[in-house]
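Following: one structure in structure tokens, then a few remarks.
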Amino acid sequence: MTVGINAPGRARVPVRNLRTDRWWLPPLLTNLGLATFVIYATGRSFMGKWYWVNDYHYLTPFYSPCISESCVAGSSHFGQWIGELPGWIPMGFLALPFLLGFRLTCYYYRKAYYRSVWQSPLACAVAEPRVEYSGETKFPLILQNLHRYFFYVAGLVALVNTYDAIVAFHSPDGGFGMGLGNVILLINVVMLWAYTLSCHSCRHIAGGRLKHFSAHPIRYKLWTVVSKLNVRHMQLAWITLGTLMLTDLYVMLVASGAISDLRFV
Ligand code: FES
């Protein structure tokens, strides 16, 4: 049986859509933004160098936690639990799959890549290329339900990144030191927390399944705070892609000797 826009009873429209605005622009920009991040992050994750600045203890988030004997001395804040890694395994392999899973299943990113990469649905009043729309009821999209579990792991990774940002207040002579790198690492970690806590699953954990907010004042307060962040979730999703790349780029440039860190203390 013919389904979708060609199903019996549907109006026959001789063109793909009747929209005259530039409806294709947002999907195109989304594709470009996501592709930039994916290409950059993949390249950097497999590069295997310039991820640690020993003088100032800057560690890029793409390699954290660094838990193998392949990691350079000092960069393993949580110890080296396993031996050398072959070059095809990124040194941040412990966190990267979960972070990828967290972002891929994020409610905002779903909207973004459904309307761009996946093209289902593409835009209002624009027929999608697939004959049938099954939403998230079938494999692989049914896996989106794992998002709440990725949220817990992302929270742990944010804690790890916070620790990395704190130990980076280090001077080459030992003791406290501070430079532009610290400011960048700190902004990155604050934005990561804002993005993680603004998650829809977090909002549900804070205040979901309650019949009476009045009987749960603490959860109500938490839900109120998370809700305020939640309305900015889309912006935070894009901002954190930018801060992650910027933080990594800065660490790479300092670690490779291309630039010197601007020191304040
Ligand atoms: Fe976006 Fe959870 S909904 S991170």
Side-chain angles (χ1 to χ4, degrees), residues 26-27 29-38 40-42 45 61-62 64-65 92-123 134-165 185-210 219-248:
L29 294 178
T30 305
N31 266 327
L32 289 175
L34 293 178
T36 305
F37 181 79
V38 169
Y40 180 89
T42 308
S45 299
F62 290 164
S64 178
F93 77 96
L94 189 62
L96 288 177
F98 294 102
L99 292 181
L100 185 69
F102 186 51
R103 297 256 170 183
L104 267 182
T105 57
C106 163
Y107 288 32
Y108 167 66
Y109 285 111
R110 290 186 211 180
K111 172 188 157 190
Y113 69 76
Y114 284 176
R115 291 186 185 180
S116 52
V117 182
W118 200 259
Q119 301 198 359
S120 175
L122 188 51
S134 57
E136 294 172 347
T137 59
K138 290 185 182 161
F139 182 83
L141 296 188
I142 200 165
L143 295 178
Q144 305 284 24
N145 289 304
L146 295 175
H147 184 66
R148 71 200 74 166
Y149 305 109
F150 285 126
F151 165 76
Y152 293 119
V153 186
L156 289 177
V157 177
L159 280 176
V160 169
N161 291 156
T162 306
Y163 182 79
D164 295 340
L185 283 167
L186 213 54
I187 292 174
N188 178 55
V189 111
V190 168
M191 287 296 123
L192 280 182
W193 274 116
Y195 169 68
T196 308
L197 294 177
S198 67
C199 167
H200 291 70
S201 290
C202 178
R203 187 165 177 262
H204 182 73
I205 290 163
R209 301 173 78 96
L210 292 181
R219 288 188 65 186
Y220 175 64
K221 183 73 197 156
L222 286 174
W223 178 83
T224 315
V225 174
V226 172
S227 296
K228 282 189 185 138
L229 282 173
N230 182 257
V231 291
R232 304 256 173 264
H233 195 58
M234 178 184 83
Q235 289 89 334
L236 289 166
W238 283 107
I239 288 171
T240 46
L241 286 193
T243 53
L244 277 167
M245 283 196 290
L246 178 72
T247 307
D248 177 77

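Every number for a ligand or one of its atoms is a count from 1 in the order of the listing.
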(Q) For residues 148-158, which residue pairs pass the side-chain hydrogen bond (donor to acceptor under 3.5 Å, both in side chains) check, not counting sequence neighbours? (A) none

Q.
Closer than 2.8 Å to atom 1 (Fe) of ligand 1: how many protein N, O or S atoms are there?
A. 2

Q. Do the ring planes of His147 and Phe102 sit parallel (below 30°), tilted (30 to 60°) or perpendicular (above 60°)?
A. parallel

(Q) Are Tyr107 and His200 an aromatic pair, judged by ring center distance below 6.0 Å? (A) yes

Q) Does Arg103 count as lying over the ring of Tyr113, i.e. NZ or CZ under 6.0 Å from the six-ring centre, within 45 degrees of the axis? A) no

(Q) Return the OG1 to CG distance between Thr162 and Leu192, rounded to the nearest 0.5 Å. (A) 8.0 Å

Q. From Asn161 CG over to Leu244 CG, what is the distance, rounded to the nearest 0.5 angstrom?
A. 8.0 Å

